[in-house]
Amino acid sequence: MAEIIRMPKMSDTMTEGVIAKWHKKVGDTVKSGELMAEIETDKATMDYESFNSGTILYLGAKEKEAVKINDVLAIVGKAGEDYSALLSGAQNTASSGGKTETKIETATAVAEIPAIDTSGIKAEIVLMPKMSDTMAEGVIAKWHKKTGDSVKSGELLAEIETDKATMDYESFNSGTLLYIGAKEKEAVKINDVLAIIGEKNADWQTLLKAHQAKAAGVGSKPATASVSVSAPAASTSIPTPNNEATHTNGRLKVSPLAKKMAKDLGYDLTQIQGTGDLGRITKHDIENYKPGVSTSGKPGDAKSSTPVVLPSVVGQESFEEIPVSQMRKTIAKRLAESKFSAPHFYLTMEINMDKAVEARKSMNEIAPVKISFNDMVIKAVAAALRQHPDVNVSWLGDKIRKNRHIHIGVAVAVKDGLLVPVIRFADNKSLSHIAVEVKDLAQKAHDKKLQPADWEGSTFTISNLGMFGIEEFTAIINPPDACILAVGGIKETAVVKNGQLTVGNIMKVTMSCDHRAVDGAVGSAFLKTLKGLLEDPVRILI
């Protein structure tokens, strides 16, 4: 059966999207998860992957044309299927200026049981969206609103765990949260009821019964009795006499394509008069604009009609706005919570690595795998934690957890951010074992194949930027750990040995400590032991 694909809302401020490029044409087959189009929003050009499988029967816009939120983007179905009635119904709904009424059609005749009339109920059902191509259901990780709370469009409503990530769900509706379809930690299938939002005293119970009856196959009444769902409708724009191309907040109102054309041509958008709705600057305004001739129509602008010849300057201001990935959102949230809730203090120490350099060279002559300085630091940290268990702790608010096991988290930089795979029971493993495991986990991190068991449960974290030439830095604690060790590079520098000036290999380390759980003296004693182990690495092998 043919299905309508509507223009999704790809950013919180997006009102329409411009088709930058179609990757499919009418008659082509498309699979779920396959790239269908590139869409320019007000913030970025984004790939749109199809959630449907079938044949492209209809495309709602040509390349470079704009499509408003929730207008028809395409229709996908079986080859040769008649989609005219489906398209006509969608266009009639869009022209009505109201909310989109999603009809659940069946091949059977209308049931004899009369449908429940919900036309007078001022509330809308929010359905569980499909957040990934393989998602079958979502688990409510956290509700940010409770029944009776007011909700605004664009406001965070819930956090939903999919089969790939935990994602924020922002409401497309404004009103009062009347009903919640599932508690936290409960699963909701795709297109099942997530919530109901509407006026405070709306009869949501009847609306819910009508939706459940429809889902069970009961015949529906005419459009006036249809159940509204949460797909956002494109609002009808009413042109006004004011042609100023600005929003109420003073920002220029310009289509993404026009903005790109103006940037490429070096035009000043403030000098161009928009002819679109509400004075919006469009592609045609850019094409018809003549530099040096004022089009604003304001008094006093006649001076600008005489162009001033200026020398050409090589250079152009430009920037790119990149949507924040889910990984980056999580990193930002967790580290911000750590930095602003945990009182950090920092301890820095210099370690002479002369003997470590010699020992590593000897070990790599017989080791089955190449051992790095980072592997030696991991082993030394694990040994030092065994001697100083008060550093191997976690702050839990009303109690401190003293961990008897030693799991070392190793920060690994990946394309989208940072992951921290864990070396478990590091104190019981040989250097060769640690070296193999670190390389394996780092490769999994880069390939995005880490499982939750690979990154959960650290009791202490190490962040090493020495390979980038960084001599010294401070790191933010990775909760729930109480400490993180920032490791700099090994640098040849002048040192004093036995009263003589000589060249030595010095490495600086800085430990960030949560003062709620670890005191300065405890952290200092740990670093002193770590220094002794690395300056005489034979001791870490005992």
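For reference, positions follow the sequence shown, starting with 1.
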Glu137 and Lys189: CA distance, side-chain angles, deciding distance, side chain to side chain contact (heavy atoms under 4.5 Å, CB included) verdict: CA-CA 4 Å; Glu137 64 180 20; Lys189 292 182 178 179; 4.2 Å; yes

Main-chain N/O of Lys444 paired with Asp447 side-chain donor or acceptor, under 3.5 Å: no

Aromatic plane relationship, Phe425 with His407 - under 30° parallel, 30 to 60° tilted, over 60° perpendicular: perpendicular

Lys/Arg-Asp/Glu bridge criterion (N-O < 4.0 Å) met for Lys491, Glu471: yes

Leu385 and its side chain to side chain contact (heavy atoms under 4.5 Å, CB included) partner, picked from Val393, Thr529, Ile408, Asn403: Ile408

Value rounded to 0.5 Å, distance of CG in Asn428 from CD1 in Ile406: 8.0 Å

Parallel, tilted or perpendicular: ring planes of His344 versus Tyr346, cut at 30 and 60 degrees: tilted

Intermediate values then yes/no, side chain to side chain contact (heavy atoms under 4.5 Å, CB included), His446 and Val412: CA-CA 9 Å; His446 287 293; Val412 176; 4.0 Å; yes

Side chain to side chain contact (heavy atoms under 4.5 Å, CB included) evaluation trace for Val509 with Leu527: CA-CA 9 Å; Val509 298; Leu527 282 184; 4.3 Å; yes

Within 6.0 Å of CZ in Arg401, more than 12 heavy atoms from elsewhere: no

Test: Lys145 and Glu155 ion pair at under 4.0 Å: yes

Under 3.5 Å: donor-acceptor pair, side chain of Glu184, backbone of Trp143: yes

Test: Arg6 and Asp71 ion pair at under 4.0 Å: no

Expected output: side-chain Ser512 to main-chain Ala475 donor-acceptor under 3.5 Å: yes

Lys402 NZ to Ile400 CD1 distance, which is reported to the nearest 0.5 Å: 9.0 Å

Qualifying residue for side chain to side chain contact (heavy atoms under 4.5 Å, CB included) with Val410, from Asn464, Thr461, Asn374: Asn374

Exceeds 12 heavy-atom contacts within 6.0 angstrom, atom NZ of Lys355: no

Between Asp354 and Asn505: side-chain donor-acceptor atoms closer than 3.5 Å: yes

Side-chain H-bond candidate by donor/acceptor type, Thr459 with His405, under 3.5 Å: no

Whether His388 and Phe526 hold their rings parallel, tilted or perpendicular, with breakpoints at 30° and 60°: perpendicular

Expected output: side-chain Glu337 to main-chain Arg334 donor-acceptor under 3.5 Å: no

Short side-chain donor-acceptor distance under 3.5 Å, Asn173 and Glu124: yes

Heavy-atom donor-acceptor pair, Lys142 side chain to Lys185 backbone, under 3.5 Å: no

Donor-acceptor contact present, side-chain Asn364 to main-chain Lys361, <3.5 Å: no

Polar side-chain atom of Glu161 near backbone of Ala141 as donor-acceptor pair, under 3.5 Å: no

Short side-chain to backbone donor-acceptor contact, Glu492 and Val503, under 3.5 Å: no

Atom pair OH/CD1 of Tyr48 and Ile5 - distance to nearest 0.5 Å: 5.0 Å

Lys/Arg-Asp/Glu bridge criterion (N-O < 4.0 Å) met for Glu34, Lys24: yes

N-O pairing of Lys508 and Glu472 below 4.0 Å: yes

Spacing of CD1 belonging to Ile56 relative to OG1 belonging to Thr29, to within rounding of 0.5 Å: 8.5 Å

From Ile197 atom CD1 to Trp204 atom CH2, the distance as rounded to the nearest 0.5 Å: 13.5 Å

Intermediate values then yes/no, side chain to side chain contact (heavy atoms under 4.5 Å, CB included), Trp455 and Val420: CA-CA 6 Å; Trp455 69 67; Val420 186; 5.7 Å; no

Arg539 with Asp536: basic N within carboxylate O range, under 4.0 Å: no

Nearest non-hydrogen partners of Pro537 and Ala356, listed with the distance: CG-CA, 3.8 Å

